[in-house]
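First up is the structure itself, then whatever we jot down about it.
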Amino acid sequence: MLQLQLLRQNPGQVKERLAIKHFAETGLVDSILSLDDQRKKLQLEFDTTQAKVNSTSKEIGALMAKGQKEEAEAKKQEVATLKSALQPINERLSVIEKQLQDELVKLPNLPSDKVPAGKTPADNIVIREGGHKPRLSKEALPHWDLIKKYDIVDFETGAKLTGSGFPLYKGKGAKLQRALVQYFLDFNTKAGYTEYLPPFMVNEASAFGTGQLPDKEGQMYYMPADNFYMIPTAEVPVTNIYRDEILKETDLPVKMTAYSPCFRREAGSFGKDVRGLNRVHQFEKVEIVQLVYPAKSYDVHEEMVAHVEKLLQTLELPYRVLNLCGGDMSFASALTYDFEVYSAAQERWLEVSSVSNFETYQTNRMKIRFKDEKGKTQLTHSLNGSSLALPRIVACLLENNQTPGGIKLPEILHPYFGGKLIN
RNA sequence: GGUGAGGUGGAUGAGUGGCUGAAAUCAACGGUUUGCUAAACCGUCGUACGUCCUUAAAGAUGUACCGAGGGUUCGAAUCCCUCCCUCACCGCCA
């Protein structure tokens, strides 16, 4: 949620920035400002009337104490009149406040000035590439065939148990999941992130806090009996840990990492994208989250990007880093770098991580603040990134490392996996 | 799931209708003093939204908030209702 103050101070600039995100309804900015004006007027009216009610009530108390009953009765009449005037004001005020909130929430975050113009994924800018694309033989198989060959993921039985997109990992496939999660968490905690294991369902307030609600309501699995949402990423519970808190400046940066399964309905997805492990409803992911001093957030963003990049390098996978253009980045983000790995048999790039700076967009919703050196409370910036999402990493590991003798795992995983080969 | 107790500022905790936005203690912060450390003393020490004033910072002032929402009353942290949460015991269970 954007800060109202920013809209008030510089509505023109806000509109310009929204245009880069290809956000069409710039009229919202004006309607929000006009609602805000109305709100302030009503509040002033309400406050002054209420102040009168309060002071008169005190007088009544004093008169009663002195036994001046008649005067007290007269004052009571006065208060009654004031209160009947107050009621409609109050009602209008809450209507306006709600409208204002509803409208404000519809505005996406402003892109930072590092965001390239552009509308579609084709306009994203490749910042750099790393690793080596393997040269596979003609008989090389895509991962969905390798999975069958080595009997490590059983989609059919997963579908029988739940539905399509719920893979059932088996044997070395299951163990590889465990190994990767373990390795990723170790890699993150070594870099100073505190490990959490959060709840996998969250309440409405948490889902709202990180921006899943109301924007992506249909993308989450929902448990109506308890009004809980299955988390689409550990970002949701982990960032919400500090919801409604005021930190000390010395507490910053807060660095957190968590493993969780992620549940996504992926409503509207179809086609070859969903083949095999490319797109599933439930997958494992390790996430990193930071809450930082505002002026430092872009440095931290670079640091997180470097962190994820190093992790991919240790996995010996060919990757590239993309700076997402205004039209392709997410609603809440100010700057997003995506990581893609090259899946050699499919001959396509697969997104495995997304590292974003949200500035105050999330923290304004969650009211995550800190006291600065002057003792003033201000919002922290929040950032997060995947480090990493498993299924596409697995797809890539399988395809790129296939040999006649089996899948050769990168060295770093050997101790975690308890072996070098899937065969 | 059942029964009981309870939810007050960073923490502990007082407060059963007006003098309470909230005592006291601790923690934290600033200062004074003491040859370091420690102690003592003084001061500061909630959030949000407004209004006035100011270039701004600061300041003054109003309103709301004592788990959440609603109600009673001229007036509610305090009384009533609903919900949520915590703790204890019981039941069930990984």
Side-chain angles (χ1 to χ4, degrees), chain A residues 1-10 32-105 197-209 223-229 237 240-252 254 261 291 360 363-380:
Chain A
M1 184 165 71
L2 292 176
Q3 292 176 263
L4 200 48
Q5 205 185 15
L6 182 68
L7 302 204
R8 286 205 282 239
Q9 284 166 352
N10 214 334
I32 286 167
L33 288 175
S34 120
L35 280 169
D36 186 42
D37 284 341
Q38 292 178 58
R39 192 198 103 244
K40 285 201 277 193
K41 252 170 95 182
L42 280 169
Q43 192 185 329
L44 184 60
E45 209 178 334
F46 179 86
D47 284 358
T48 47
T49 314
Q50 183 62 249
K52 198 85 204 282
V53 168
N54 290 346
S55 61
T56 311
S57 292
K58 272 197 180 148
E59 288 171 31
I60 292 171
L63 289 171
M64 298 282 263
K66 280 191 257 170
Q68 293 173 277
K69 257 190 149 182
E70 271 175 41
E71 288 87 336
E73 282 306 318
K75 293 278 182 191
K76 278 192 195 183
Q77 277 305 315
E78 235 177 84
V79 171
T81 316
L82 286 170
K83 281 186 80 176
S84 60
L86 211 50
Q87 205 197 340
I89 299 172
N90 193 21
E91 277 166 14
R92 272 195 295 157
L93 184 58
S94 28
V95 168
I96 296 272
E97 274 174 348
K98 183 161 189 319
Q99 275 178 3
L100 181 60
Q101 176 74 5
D102 288 350
E103 300 282 278
L104 198 52
V105 151
L197 204 164
F200 300 154
M201 295 185 210
V202 291
N203 58 29
E204 211 177 322
S206 296
F208 177 81
M223 322 292 282
D226 298 288
N227 198 19
F228 292 154
Y229 294 86
N240 272 282
I241 290 171
Y242 288 97
R243 169 155 49 88
D244 292 321
E245 306 237 345
I246 300 176
L247 297 154
K248 285 179 274 183
E249 192 176 328
T250 50
D251 292 333
L252 303 179
V254 174
L291 303 172
T360 59
T363 54
N364 189 31
R365 285 187 172 206
M366 282 183 277
K367 302 297 171 225
I368 302 180
R369 292 153 295 171
F370 72 101
K371 278 213 196 292
D372 64 21
E373 62 275 10
K374 286 182 194 154
K376 251 186 102 176
T377 47
Q378 51 173 312
L379 296 166
T380 70

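By convention in this document, chain letters (A, B, ...) are assigned in the order of the sequence lines, proteins followed by strands, and residues within each chain are numbered from 1.
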Can you tell me, in whole Å, how much space there is between the [atom1] of [N] and that of [M]?
{"N": "B:C92", "M": "B:C81", "atom1": "P", "answer": "32 Å"}
{"N": "B:U82", "M": "B:U44", "atom1": "C1'", "answer": "42 Å"}
{"N": "B:G13", "M": "B:G91", "atom1": "C1'", "answer": "35 Å"}
{"N": "B:A94", "M": "B:C85", "atom1": "P", "answer": "24 Å"}
{"N": "B:C19", "M": "B:U63", "atom1": "P", "answer": "13 Å"}
{"N": "B:U25", "M": "B:U37", "atom1": "C1'", "answer": "25 Å"}
{"N": "B:G67", "M": "B:G6", "atom1": "C1'", "answer": "11 Å"}
{"N": "B:G31", "M": "B:C45", "atom1": "C1'", "answer": "14 Å"}

Students often get this wrong, so: under 4.0 angstrom with heavy atoms, is A:Lys75 touching a base, only sugar-phosphate, or nothing?
nothing

Quick one: look up who [N] pairs with, Watson-Crick or G-U, both distances under 3.5 Å, and put none if it's unpaired.
{"N": "B:C87", "answer": "B:G4"}
{"N": "B:U47", "answer": "B:A64"}
{"N": "B:C79", "answer": "B:G71"}

For [X] and [N], give me the distance from atom [atom1] to atom [atom2], rounded to whole Å.
{"X": "A:Phe370", "N": "B:A28", "atom1": "CZ", "atom2": "C1'", "value": "18 Å"}
{"X": "A:Leu104", "N": "B:C49", "atom1": "CG", "atom2": "P", "value": "12 Å"}
{"X": "A:Asp37", "N": "B:G50", "atom1": "CG", "atom2": "C1'", "value": "13 Å"}
{"X": "A:Phe228", "N": "B:C85", "atom1": "CZ", "atom2": "C1'", "value": "11 Å"}
{"X": "A:Gln38", "N": "B:G50", "atom1": "CD", "atom2": "P", "value": "14 Å"}
{"X": "A:Lys371", "N": "B:G46", "atom1": "NZ", "atom2": "C1'", "value": "8 Å"}

The criterion is side chain to side chain donor-acceptor pair (under 3.5 Å); which residues satisfy it with [X], sequence neighbours excluded?
{"X": "A:Asn54", "value": "none"}
{"X": "A:Tyr229", "value": "A:Glu217"}
{"X": "A:Asn227", "value": "A:Glu204, A:Tyr222"}

Among A:Gln43, A:Gln50, A:Glu45, which one satisfies side chain to side chain contact (heavy atoms under 4.5 Å, CB included) with A:Ile89?
A:Glu45

What N/O pairs connect the protein and nucleotides 29-31 of chain B at under 3.5 Å? Give each pair on its own line.
none

Name the residue closer to the 5' end of RNA chain B, choosing between A:Ile246 and A:Lys40 according to the nucleotide with the nearest heavy atom.
A:Ile246

May I ask you to evaluate whether [X] reaches the phosphate of [N], defined as a side-chain N or O under 4.0 Å from OP1 or OP2?
{"X": "A:Arg369", "N": "B:A48", "result": "yes"}
{"X": "A:Lys41", "N": "B:C49", "result": "no"}
{"X": "A:Arg39", "N": "B:G50", "result": "yes"}
{"X": "A:Arg8", "N": "B:G50", "result": "yes"}

Does a side chain donor of either A:Asp372 or A:Gln378 reach within less than 3.5 Å of an acceptor in the other side chain?
yes

Ring pair (Phe, Tyr, Trp, His ring centres under 6.0 Å) with A:Phe370: which residues, sequence neighbours excluded?
A:Tyr293

Taking only residues two or more places apart in sequence, or in another chain, which ones meet [X] in a salt bridge (Lys or Arg N to Asp or Glu O under 4.0 Å)?
{"X": "A:Asp47", "value": "none"}
{"X": "A:Glu103", "value": "A:Lys106"}
{"X": "A:Arg8", "value": "A:Asp36"}
{"X": "A:Glu59", "value": "A:Lys75"}

Extract all donor-acceptor atom pairs below 3.5 Å that involve side chains of residues 94-101 of chain A and protein atoms in other chains or at least two apart in sequence.
from: A:Ser94; atom 1: OG; to: A:Asn90; atom 2: O; distance (Å): 2.9
from: A:Ser94; atom 1: OG; to: A:Glu91; atom 2: O; distance (Å): 3.2
from: A:Lys98; atom 1: NZ; to: A:Asp102; atom 2: OD2; distance (Å): 2.9

Would you list the protein and nucleotides 6-12 of chain B atom pairs, both N or O, that sit under 3.5 Å from each other?
none

Kindly check if the number of other-residue, nucleotide or ligand heavy atoms within 6.0 Å of NZ (A:Lys52) is above 12?
no

To the nearest 0.5 Å, what is the distance between NZ (A:Lys40) and CG (A:Asp37)?
6.0 Å

Quick tally for nucleotides 58-81 of chain B: nucleotides whose base has a protein heavy atom under 4.0 Å get B, sugar-phosphate-only ones S, the rest -, giving ----BSS---------BS------

